[in-house]
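The next block holds one structure in the form of structure tokens; read it before the comments.
Note that these values count all heavy atoms, side chains included, but never hydrogens, waters or copies made by symmetry. What you are looking at is a predicted structure, and each value in this text was computed from that prediction instead of being measured. Whatever order the structure lists them in is the order used to number ligands and atoms, beginning at 1.
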Amino acid sequence: IAGGCLSLIVLGASGDLAKKKTFPAIFNLYKQGFLPDEMHVFGYARSNMTNEELHEKLLRYLKAERTDPTTNPEDVRKQFLNKITYIHGAYDADEGFIKLNEEILRLEREESDDNSPTRRLFYLALPPSVYPLVSKQIRKHCMNQRGWTRVIVEKPFGKDLESSEVLSSELGSLFTEDQLYRIDHYLGKELVQNLLVMRFANRFFVPIWNRDNIANVQIVFKEDFGTQGRGGYFDEYGIIRDIIQNHLVQVLCLVAMEKPVSLSPEHVRDEKVKVLQCIEPINEEEVVIGQYEGYKDDPTVPNDSVTPTFASLVLRINNERWDGVPFIMKAGKSLDTRKAEIRVQFKDVPGDIFKCKKQGRNEFVMRLQPKEAMYMKLTVKEPGLDMRATQSELDMSYHQRYQDIVIPEAYERLLLDTIRGDQQHFVRRDELRVAWEIFTPLLHRIDAGKLKVIPYKEGSRGPAEADELNARMGYQRTEGY
Ligand code: BG6
């Protein structure tokens, strides 16, 4: 990428997110040649460590594969680690940030003369409680005087509408909207990015994507493991704040929004906001929440916790396209399998002469993970002498269709977007506000213990009530696929 010396500054450098996602994403971009030679990475955190100690910690997360075959992967990794400088300091004191700025300046000067532009990207891999403090320090000491400064922040952006608005105002007083990149890593997933193309570039889909043809939509996230040492964080938030209000709602926007005027970030995000504004208040009769047995065995979770680790709820979009079509949003931890998928179920063909109903309905499924795939469930003639209808699939599995292509990690793609200055796959402030407006009343009722939390077995499908809710919404389950 052209544009002058690039500094990537990871705040919270010794934390889990930085180690597991941020540094590996930078490394992947680096080894594929997406980052300029004049690039430096800075790690900032409170613990007192040397550069070498940080490098040592990161080593096991930086996978050497996928390097240019003419280079030695170990050398590439070493070169990359040599570009990482660690600086320790508090998040609320001037000293550390002054030192950080001096270090950035020193390396910028080594790379370029005083007149050429430079670029600074700050990645806040930190708990949101320290965002305001850290952001003030960046604003005070580290703003780039010779080019752009951009800041990536991670969810959770608050706990409800009010706290989110407070955080937004604090950040908004320090940075302009085009400097702020609110990451939702689901927007970086290959199939989520494919949604716009699938919907708006295929004649197959364009005319049928509406209430006349679609019976219901499910957006599902399942994990076959529990909170895994993150119980302390998770218990404060619960599954709706952790997954549904952000990741699944972002997917819903792309499934349900109208065609944007163009692919410009503002046009796309305008449409997302509009569809969110059409969502009706959630009806508690259409909500099931649960908690897996064993959740409270985690020592960081209070013994009397009623935090949901599972939720299934119906969103209804009051507009011409979607009136009457339930969008079932389901997310859960410690379930029977790990997968995320979108399931669009079509209405029955009127005047059935083949007895197709027994075979199941047409469905279009996008499996976001694992093993990315898109498939259509269709009714076909069963091969053979009899005239019998059966269900089969038109299947586009990525591992078969795109054998030689490695699908990039979501964080990798989103980091590159940030460097390129493309905000299409980032959440705008008004989008965030509407998403909180939808969920805040329900969340407050759950927090106040007003909804029953149904226990479910680890490794199960979740509470049976969720399957009943699906059935009530008209979802017809078919076997297989
Ligand atoms: C995170 C949640 O945002 O997404 C985690 O905080 C969850 O609880 C994770 O495990 C899931 O991400 P992915 O990409 O593995 O589906």
Side-chain angles (χ1 to χ4, degrees), residues 12 15-22 24-25 28 61 123-129 131 152-159 164 181-195 218-252 254 289-292 294-295 298 300-301 305 307-311 329-342 366-373 398 406-415 425-427 432 435-436 439 443 458-459 462:
D16 245 31
L17 177 69
K19 276 188 308 204
K20 293 185 181 157
K21 301 286 183 192
T22 321
N28 281 345
Y61 299 101
Y123 195 116
L124 272 54
L126 292 164
S129 52
Y131 285 177
I152 298 185
V153 285
E154 273 275 345
K155 64 143 232 256
F157 306 114
K159 289 191 75 177
S164 165
Y181 286 69
R182 292 178 199 85
I183 220 168
D184 183 312
H185 78 282
Y186 266 59
L187 292 178
K189 291 190 187 275
E190 184 66 40
L191 263 73
V192 175
Q193 297 207 340
N194 199 354
L195 265 165
Q218 273 191 76
I219 303 177
V220 180
F221 166 96
K222 284 177 154 201
E223 265 177 354
D224 55 359
F225 48 88
T227 47
Q228 286 192 325
R230 293 168 72 229
Y233 148 81
F234 188 88
D235 199 67
E236 253 193 71
Y237 290 89
I239 197 80
I240 297 179
R241 292 181 176 97
D242 190 44
I243 304 288
I244 300 183
Q245 183 268 351
N246 35 67
H247 302 327
L248 299 196
V249 160
Q250 285 299 323
V251 173
L252 173 136
L254 296 166
I289 53 172
Q291 188 186 77
Y292 66 83
Y295 170 66
D298 180 334
T300 57
V301 171
S305 166
T307 299
T309 58
F310 175 97
M329 318 288 278
K330 179 154 61 179
K333 299 235 169 216
S334 256
L335 295 175
D336 51 345
T337 178
R338 174 176 177 258
K339 75 171 174 193
E341 67 182 16
I342 304 161
M366 288 179 95
R367 190 167 60 226
L368 313 181
Q369 64 191 36
K371 291 206 173 148
E372 292 83 351
Y398 277 47
V406 179
I407 295 177
E409 278 281 319
Y411 278 95
E412 209 175 304
R413 205 190 298 261
L414 295 173
L415 254 169
H425 305 295
F426 292 83
V427 182
L432 182 65
W436 277 120
F439 287 95
L443 287 167
E458 288 179 60

message = Quick check: do P156 and E236 have side-chain heavy atoms less than 4.5 Å from each other?
response = no
Check: Does the side chain of Y123 reach to within under 4.5 Å of the side chain of I183, using non-hydrogen atoms?
Finding: yes
**Study point:** P308 versus I289, closest heavy-atom pair with distance
**Key:**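 Where P308 meets I289 most closely, the heavy atoms are CB-CB, 3.9 Å.
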Nearest atoms (heavy-atom pairs only) where A410 meets K189 =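 Shortest heavy-atom separation between A410 and K189 comes out as CB-N, 4.0 Å.
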Which residue and non-hydrogen atom of the protein lie closest to [atom], and at what distance in Å?
| atom | value |
| --- | --- |
| atom 12 (O) of ligand 1 | H185 NE2, 3.1 Å |
| atom 6 (O) of ligand 1 | D242 OD1, 2.6 Å |
| atom 15 (O) of ligand 1 | R338 NH2, 3.5 Å |

Open item on the list: side chain to side chain contact (heavy atoms under 4.5 Å, CB included), that's the test. Do L195 and M366 meet it? Break it down for me.
Closed with: CA-CA 9 Å; L195 265 165; M366 288 179 95; 3.6 Å; yes
Atoms of ligand 1 less than 4.0 Å from [X] heavy atoms?
| X | result |
| --- | --- |
| Q369 | 13 (P), 14 (O), 15 (O), 16 (O) |
| K333 | 5 (C), 7 (C), 8 (O), 10 (O) |
| E223 | 7 (C), 10 (O), 11 (C) |
| K155 | 1 (C), 2 (C), 3 (O), 6 (O) |
| K189 | 13 (P), 14 (O), 16 (O) |

### Query
Which of these passes side-chain contact (heavy atoms from CB on, under 4.5 Å) with F310: K333, K222, K330?
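Result for side-chain contact (heavy atoms from CB on, under 4.5 Å) with F310: K330.
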**OP:** Validate the cation-pi geometry between K159 and Y237: distance from NZ or CZ to the six-membered ring centre under 6.0 Å, angle to the ring axis within 45°.
**Re:**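 Yes; both conditions hold, so K159 lies above the ring face of Y237.
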If you compare F221, Y411, Y186 by their heavy atoms, the one closest to atom 16 (O) of ligand 1 turns out to be Y186
